[in-house]
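Notes follow once the structure below has been shown.
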Amino acid sequence: MATSHDTFDAIDWDEYTTASRSVSWRTKLFSLVVTALLLGFLYDVFVLPDDNPIIWEWNVTMLDWLFMLSLSVFAFYVLAPLYLNRELTRERWRQLRTNRVAVASLCYLVVFFVGGLFGPMVHEPLTNAIASADDFAYGMAPYQPPVGFSAPYYGIGITHCVGDISNNACHGSFVHPFGTTSSGEDLFLKILQGMRIALQVTLITATLIAPLATGVGIVAAYFGGSVDEALMRYVDIQQAIPPLFVFLLLEALYGGSILLMIGVFGLLSWGSTARLVRSEALQKRELGYIRAARNAGSSRLKIIRQHILPNVSSTVLVAITLQIPMLLLIEAMLGYFQLHGPGQNSWGYLIYAAFLSDFHPTLLWWAEVIPVVFLMLTVASFNFLGDALREILDPRTREGL
């Protein structure tokens, strides 16, 4: 039974004893999913003619394939452990819910995840529903204010008000709950598109950073000596290369894209996390039961897989949770300057597009304020939740060291 002193570092010995004899069902199922994704990707690239959708009307891009892979990793190695270790998960939840800000942040991030995951799937039905409810001659109703607000009917060129009109003001309606832009695009749908991009950046980049940082940190700590020296010097060199500079250089040469941004920042931003993992692994490798396993003849791979890796997983989780806000802000900045490629309705691009209107920021304030609010909520939620997880999962924090 879990107690108040349990941590995510606790090890289910029965599970690992069983796992030592055979590959766990989770690993087998994950391998099957990855194999299916790989086969689908190869079929899409080498067999399917260009521009032919692989599923119904879905023309899967490279970013979509990586997103599906990262979702699989998230499902099998974040959500599945939470379900399998239900007693420990309940104990962690009891600790987390004492922090109301962290709980509110977690609730928002669930909305962020669901909106980013399913938003594009409901985009077309919502667009059709809005078009039929809008009943506008040209299918666009520009300058519609958000629900609960109004805009002067004759002040900013409103030629059609979807909501109520009173006192020469157009009132917002639930047809466009977040209002519309100066070109008549529904801001709610644009926010969903931006949420999808932010979620892709978050999950795919984390999928790159986690294994790189964990592998380098553990190998450096466990083997020590020249291996540790070589890996840490490489980390030093890598951290001296600004990912933003590399991205701008590649963007100038080959053009920008979300995929390029994820690749550059995912491959060059894991150094600090690797150092944290190394520090944690150095302490764990000297624990009594690990020394006993080593003296009993356990292989290095077995000790790393069964003893050290589970014990540093919480460090990786906290470090990545706190690193994500920086990535989101960088993505928004690149979107604002239109450096991540055309056709990407990220929140940064929405803010930039709002500035193009002659009526910003006074009469068309919602077109820039609402994307900013969602960006701030997402960044702040990851920060608050990361701080709460660090207090709960980091033994040194719990012990006041």
Side-chain angles (χ1 to χ4, degrees), residues 33 37 55 57-80 82 102-127 129-130 177-178 185-210 257-263 265-266 317 320-336 340-341 343-351 353 370-386:
V33 171
L37 289 176
I55 302 175
E57 297 181 357
W58 186 20
N59 195 356
V60 186
T61 65
M62 175 65 80
L63 190 63
D64 292 326
W65 286 113
L66 290 175
F67 185 49
M68 286 188 284
L69 177 63
S70 63
L71 282 173
S72 303
V73 174
F74 181 74
F76 282 98
Y77 293 100
V78 177
L79 296 182
L82 293 177
V103 172
S105 300
L106 179 61
C107 292
Y108 170 78
L109 290 178
V110 171
V111 174
F112 167 74
F113 182 84
V114 174
L117 186 60
F118 298 106
M121 299 180 188
V122 300
H123 189 273
E124 186 172 347
L126 280 177
T127 302
I130 289 172
F178 292 165
E185 296 172 306
D186 184 83
L187 201 54
F188 177 69
L189 296 180
K190 293 293 178 183
I191 290 295
L192 286 180
Q193 291 179 331
M195 199 172 281
R196 175 57 169 263
I197 293 174
L199 181 62
Q200 287 176 327
V201 170
T202 299
L203 275 185
I204 300 175
T205 309
T207 304
L208 287 173
I209 291 176
S257 67
I258 295 290
L259 191 61
L260 177 65
M261 180 244 166
I262 291 173
F265 283 88
L317 176 64
I320 291 180
T321 304
L322 292 173
Q323 197 169 2
I324 284 173
M326 182 269 292
L327 295 170
L328 290 174
L329 289 175
I330 290 174
E331 185 276 322
M333 181 196 71
L334 296 178
Y336 181 86
H340 60 24
Q344 302 291 347
N345 289 311
S346 71
W347 292 335
Y349 178 77
L350 290 180
I351 298 168
I370 291 178
V372 169
V373 168
F374 272 91
L375 178 61
M376 290 175 58
L377 279 175
T378 308
V379 170
S381 296
F382 273 110
N383 275 326
F384 290 141
L385 185 62

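Side-chain atoms are counted along with the backbone in the values below, which use heavy atoms only and exclude waters and symmetry mates. In this text, all values refer to a predicted model and were calculated from it rather than measured experimentally.
Remark: side-chain polar atoms of Asn383 are not paired, donor with acceptor, to backbone N or O of Ala380 under 3.5 angstrom.
Within the model, atoms CZ of Phe76 and CG of Leu71 stand 11.5 Å from one another, a figure rounded to the nearest 0.5 Å. Leu106 CG to Phe382 CZ: the interatomic distance, rounded to the nearest 0.5 Å, is 10.5 Å. Residue Leu66 holds its CG atom at 5.0 Å from CD1 of Ile204, rounded to the nearest 0.5 Å. Separation of atoms CZ (Phe374) and CG (Leu187) is listed at 9.0 Å; rounding is to 0.5 Å. With values rounded to the nearest 0.5 angstrom, Ser70 atom OG is found 4.5 Å from Leu203 atom CG. Interatomic distance, Asp64 CG to Met68 CE, rounded to the nearest 0.5 Å: 6.0 Å.
In this structure the side chain of Ile370 never reaches within 4.5 angstrom of the side chain of Leu350, judged on heavy atoms. Taking the side chain as every heavy atom from C-beta outward, Leu259 and Thr61 never approach each other to under 4.5 Å. By the 4.5 Å heavy-atom criterion applied to side chains, Leu328 and Trp347 are not counted as neighbours.
Counting only residues at least two apart or on different chains, no salt bridge (Lys or Arg N to Asp or Glu O under 4.0 Å) pair has a member in residues 197-208. Sorted pairs that involve residues 197-209 and meet side-chain hydrogen bond (donor to acceptor under 3.5 Å, both in side chains), not counting sequence neighbours, are lacking altogether.
Tyr108 pairs by the side-chain hydrogen bond (donor to acceptor under 3.5 Å, both in side chains) definition with Thr378, not counting sequence neighbours. Not counting sequence neighbours, the partners of Leu69 by the side chain to side chain contact (heavy atoms under 4.5 Å, CB included) test are Val34, Leu37. Val103 meets the side chain to side chain contact (heavy atoms under 4.5 Å, CB included) test with Trp93, Arg97, Cys107; sequence neighbours excluded.
The two residues Leu208 and Gly263 come nearest to each other via the heavy atoms CD1-CA, 4.5 Å. Leu375 and Ala332 make their closest contact through CD2-CB, 3.6 Å (heavy atoms, listed as atom of the first residue, atom of the second, distance). Leu377 and Ser381 get closest at one heavy-atom pair: O-OG, 2.6 Å. In plain terms, the two heavy atoms of Gly335 and Ser346 that are nearest each other are CA-OG, 3.7 Å. Residues Leu199 and Phe112 approach most closely at N-CZ, 3.7 Å, considering heavy atoms. Closest of all the heavy-atom pairs between Leu327 and Met261 is O-CE, 3.6 Å.
Ring planes of Phe178 and Phe188: perpendicular class, angle over 60° (limits at 30 and 60°).
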Would you give me the side-chain donor-acceptor pairs under 3.5 Å for residues 191-198, sequence neighbours excluded?
| residue | atom | partner | partner atom | Å |
| --- | --- | --- | --- | --- |
| Gln193 | OE1 | Asn345 | ND2 | 2.9 |
| Gln193 | NE2 | His123 | NE2 | 3.2 |
| Arg196 | NH1 | Gly116 | O | 3.4 |
| Arg196 | NH1 | Leu117 | O | 3.3 |

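By the 6.0 Å contact criterion, CE on Met326 is enclosed, its count of non-hydrogen atoms from other residues, nucleotides or ligands being greater than 12. More than 12 heavy atoms of other residues, nucleotides or ligands sit less than 6.0 Å from atom CZ of Phe67. The number of heavy-atom neighbours closer than 6.0 Å to CE of Met62, taken from other residues, nucleotides and ligands shown, is 12 or below.
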- Taking it one step at a time, do Glu331 and Ile258 satisfy side-chain contact (heavy atoms from CB on, under 4.5 Å)? CA-CA 8 Å; Glu331 185 276 322; Ile258 295 290; 4.2 Å; yes

